[in-house]
Colleague: 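There's a structure below that I have some questions on.
Computed from heavy atoms alone, side chains included, the values below leave out hydrogens, waters and symmetry copies. In what follows, chains carry the letters A, B, and so on, assigned in the order in which the sequence lines appear, proteins first and then strands, with residues in each chain numbered from 1. Bear in mind that the values here come from a model prediction, so they are computed numbers and not experimental data.
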Number of protein chains: 2
Amino acid sequence: MNISKREQIINASDKLFYQQGFEHTSFAHIAKVVKISRGNFYYHFKTKDEILDAVISYRLSKTNEMLESWEIKGETPENRIRSFINILVMNRSKIKNYGCPVGTLCSELVKLNHPSLKHANELFTLFRLWLKRQFELLGHKKNADNLAMHLLARSQGIATLSSAFHDEKFIKNEVNDLEIWLSLYVNSTSKSNKAVL
Amino acid sequence: MNISKREQIINASDKLFYQQGFEHTSFAHIAKVVKISRGNFYYHFKTKDEILDAVISYRLSKTNEMLESWEIKGETPENRIRSFINILVMNRSKIKNYGCPVGTLCSELVKLNHPSLKHANELFTLFRLWLKRQFELLGHKKNADNLAMHLLARSQGIATLSSAFHDEKFIKNEVNDLEIWLSLYVNSTSKSNKAVL
DNA sequence: GTCTATAGTATGATAGAC
DNA sequence: GTCTATCATACTATAGAC
């Protein structure tokens with residue numbers, strides 16, 4: 001199983017951008033990991049922004065795969081949403097160390113006023129639309145997008161504080177709350193539960 | 001009213017670190033804003049990390065002042081917590097553009113593995129302990145710290161998504177939910193409301 | 001496709017004149 | 001206290017040999 005140099009670069013960049021941030025990661029650093037010279041680098045990517053876009057595209061396709069697998073695996077919308085909530089627990093160690101890969105990338109690109117922010121944002125939109133559909137299937141037609149955004153925001157906040165305080169246990173506490181929150185929205189109309197956000 | 005060059009540097013850095021991020025902001029950039037030469041800079045601060053620490057200390061003292069004013073102004077713990085929630089609305093324009101100054105700084109320092117992360121974290125801790133005290137006064141003795149962390153996380157998530165989607169309206173929606181959430185915790189024991197997180 | 005060599009720029013930081 | 005000049009380093013990026 002041979003993996004192309006290009007893919008190796010994307011994989012390494014994906015990891016490094018997550019762990020060290022985009023700007024802080026240099027060509028030299030990526031080249032060192034992939035074990036190619038800095039000069040050879042430019043055969044594969046002309047600019048650093050090109051790598052960023054490739055990494056975002058890579059993450060988008062991985063995310064799409066994940067959402068599709070949840071779609072197949074989860075028998076009810078509730079179970080599918082639980083799959084989303086559970087990535088916080090599954091990745092708690094990484095999140096504690098580096099935060100959420102989507103949220104921290106977008107935050108950085110916002111500050112850099114980077115043109116690829118919109119591209120990175122598609123990662124959020126992917127989750128947003130997927131969650132929205134699940135909530136619609138639960139009967140929350142009008143409220144679905146708000147609920148999706150609410151759940152995304154809760155997840156982001158959990159990731160931010162977990163990494164700031166370097167606290168894994170906090171994730172479990174909050175995920176527990178999230179699951180209780182979700183159960184209140186299962187098999188209920190959006191009207192009757194408006195107050196329980 | 002003369003403001004010292006040192007203070008001018010701290011003010012400018014505070015703003016620039018917030019808007020552009022710490023690493024992305026250079027001495028040259030700060031010097032340009034303050035209108036001093038890059039060389040003169042080193043009379044006031046020996047290293048860039050020294051400025052960061054000064055900025056964090058500055059933010060800590062400003063935050064302390066704010067919390068004390070809420071303490072005096074707010075007649076009930078509920079009102080004081082509402083003051084906290086309302087900074088999201090008050091600063092919604094800045095938050096939309098640059099996120100939360102505390103959260104985004106900590107996120108960046110986490111990625112940089114920067115020694116001043118602990119110092120920056122004191123900003124979170126300041127809010128955390130203050131909120132914890134308010135929840136204790138509301139009768140939630142055992143749950144107070146969890147509630148404080150929960151509220152902090154909710155705020156962080158709101159700020160992150162608002163800036164990622166460049167959406168101000170989302171802040172108002174979520175703040176509305178937060179206020180409903182808070183009202184459920186006013187004059188109630190922690191037991192009876194455990195399920196309404 | 002991979003390498004070395006190197007250009008050009010910006011950075012953090014220092015020395016010393018005024 | 002403020003300035004100019006300068007250094008060493010790291011970076012993105014290019015040119016050209018193999």
Side-chain angles (χ1 to χ4, degrees), chain A residues 1-58 105 108-109 111-117 119-120, chain B residues 1-58 105 108-109 111-117 119-120:
Chain A
M1 193 178 96
N2 264 337
I3 180 169
S4 72
K5 268 296 186 250
R6 190 191 153 88
E7 282 177 289
Q8 285 181 45
I9 292 172
I10 293 174
N11 283 336
S13 305
D14 178 37
K15 208 172 190 174
L16 289 170
F17 289 174
Y18 177 38
Q19 296 179 344
Q20 314 185 334
F22 166 67
E23 202 180 24
H24 191 59
T25 302
S26 66
F27 277 19
H29 203 147
I30 301 168
K32 198 179 172 186
V33 171
V34 184
K35 281 168 189 164
I36 55 171
S37 72
R38 264 194 321 177
N40 183 15
F41 211 100
Y42 289 86
Y43 171 76
H44 300 283
F45 294 97
K46 297 289 168 223
T47 66
K48 200 180 171 185
D49 288 353
E50 249 181 53
I51 307 175
L52 175 61
D53 273 328
V55 167
I56 293 170
S57 295
Y58 170 66
L105 178 62
E108 187 180 356
L109 298 183
K111 303 249 171 188
L112 300 181
N113 204 10
H114 198 285
S116 287
L117 171 62
H119 194 193
Chain B
M1 193 179 93
N2 263 337
I3 180 168
S4 74
K5 268 292 185 254
R6 190 190 153 89
E7 282 177 290
Q8 284 181 46
I9 291 173
I10 293 173
N11 283 336
S13 304
D14 178 38
K15 208 172 190 173
L16 288 169
F17 289 173
Y18 177 39
Q19 296 178 344
Q20 314 186 336
F22 167 66
E23 202 180 23
H24 191 59
T25 302
S26 66
F27 276 20
H29 204 146
I30 301 168
K32 199 179 171 187
V33 171
V34 184
K35 281 169 187 161
I36 56 170
S37 72
R38 259 193 330 174
N40 183 15
F41 210 100
Y42 290 84
Y43 171 77
H44 300 282
F45 294 97
K46 296 290 168 222
T47 67
K48 200 180 172 187
D49 288 354
E50 249 181 53
I51 307 175
L52 175 60
D53 274 328
V55 167
I56 293 171
S57 294
Y58 171 66
L105 178 62
E108 187 180 357
L109 297 184
K111 304 250 172 188
L112 300 181
N113 202 10
H114 198 286
S116 288
L117 171 62
H119 195 193

Colleague: What is the distance, to the nearest angstrom, from the CZ atom on B:Phe27 to the P atom on C:dG12?
Modeller: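 So the two atoms are 6 Å apart, to the nearest Å.
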Colleague: Round to the nearest Å and state the distance from B:Phe41 atom CZ to C:dT11 atom P.
Modeller: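 One finds 12 Å between P of C:dT11 and CZ of B:Phe41, rounded.
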Colleague: Which one, D:dT2, D:dA13, C:dG12, comes nearest to the side chain of B:Lys5?
Modeller: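 Nearest to the side chain of B:Lys5 among the choices is D:dT2.
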Colleague: In terms of side-chain heavy atoms of B:Asn40, which of C:dG12, D:dT2, D:dT4 is nearest?
Modeller: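 Selected nucleotide (nearest to the side chain): D:dT2.
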Colleague: Which of these nucleotides, C:dT2, D:dT2, C:dG12, is closest to any side-chain atom of B:His44?
Modeller: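 Output: D:dT2.
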Colleague: For B:Gln8 and D:dG1, what is the distance between atoms CD and C1' respectively, to the nearest whole Å?
Modeller: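 Atom CD in B:Gln8 sits about 13 Å away from atom C1' in D:dG1.
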Colleague: Output yes when at least one side-chain N/O atom of B:Ser26 is less than 4.0 Å from OP1 or OP2 of C:dA10, else no.
Modeller: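 B:Ser26 to C:dA10 OP1/OP2: no side-chain N or O under 4.0 Å.
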Colleague: C:dT14 C1' sits how many Å from B:Phe45 CZ, rounded?
Modeller: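 Distance check: B:Phe45 CZ to C:dT14 C1' gives 18 Å.
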Colleague: C:dC3 C1' sits how many Å from A:Lys35 NZ, rounded?
Modeller: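 Atom-to-atom, A:Lys35 to C:dC3, this comes out as 17 Å.
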Colleague: Looking at side-chain heavy atoms only, is the closest gap between A:Tyr43 and A:Ile36 below 4.5 Å?
Modeller: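 Result no, sub-4.5 Å side-chain heavy-atom pair not found.
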Colleague: Any non-hydrogen side-chain atom of B:His29 less than 4.5 Å from a side-chain atom of B:Gln20?
Modeller: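 A side-chain contact under 4.5 Å exists here.
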Colleague: Which of the following nucleotides, D:dA13, C:dT11, C:dG1, is nearest to the side chain of B:Arg38?
Modeller: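 Nearest to the side-chain atoms of B:Arg38, counting from C-beta on, is C:dT11.
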Colleague: Can you tell me how far C1' of D:dC3 sits from CD1 of B:Ile36, to the nearest Å?
Modeller: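 In whole Å, D:dC3 C1' lies 11 Å from B:Ile36 CD1.
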Colleague: Got more than 12 heavy atoms from elsewhere within 6.0 Å of NZ, B:Lys48?
Modeller: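 Correct, the count exceeds 12.
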Colleague: Write down the distance between OH (A:Tyr42) and P (D:dA15), rounded to a whole number of angstrom.
Modeller: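 Interatomic distance, OH of A:Tyr42 to P of D:dA15: 12 Å.
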Colleague: Using side-chain heavy atoms (C-beta onward) and a distance below 4.5 Å, is A:Phe45 in contact with A:Phe27?
Modeller: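 The answer is no; the side chains never approach within 4.5 Å.
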Colleague: Looking at the side chain of B:Ser37, which of C:dG12, C:dT11, D:dT4 is the nearest nucleotide?
Modeller: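 Comparing C:dG12, C:dT11, D:dT4 against the side chain of B:Ser37, the answer is D:dT4.
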Colleague: Quick check: do B:His114 and B:Asp49 have side-chain heavy atoms less than 4.5 Å from each other?
Modeller: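 Side chain of B:His114 against side chain of B:Asp49, heavy atoms only: contact under 4.5 Å found.
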Colleague: Quick one: which of C:dT2, C:dA13, D:dC3 gets closest to the side chain of A:Tyr43?
Modeller: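 It is C:dT2.
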Colleague: Between P on C:dG12 and NZ on B:Lys32, what's the gap in Å once rounded to a whole number?
Modeller: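 Value for this atom pair: 15 Å.
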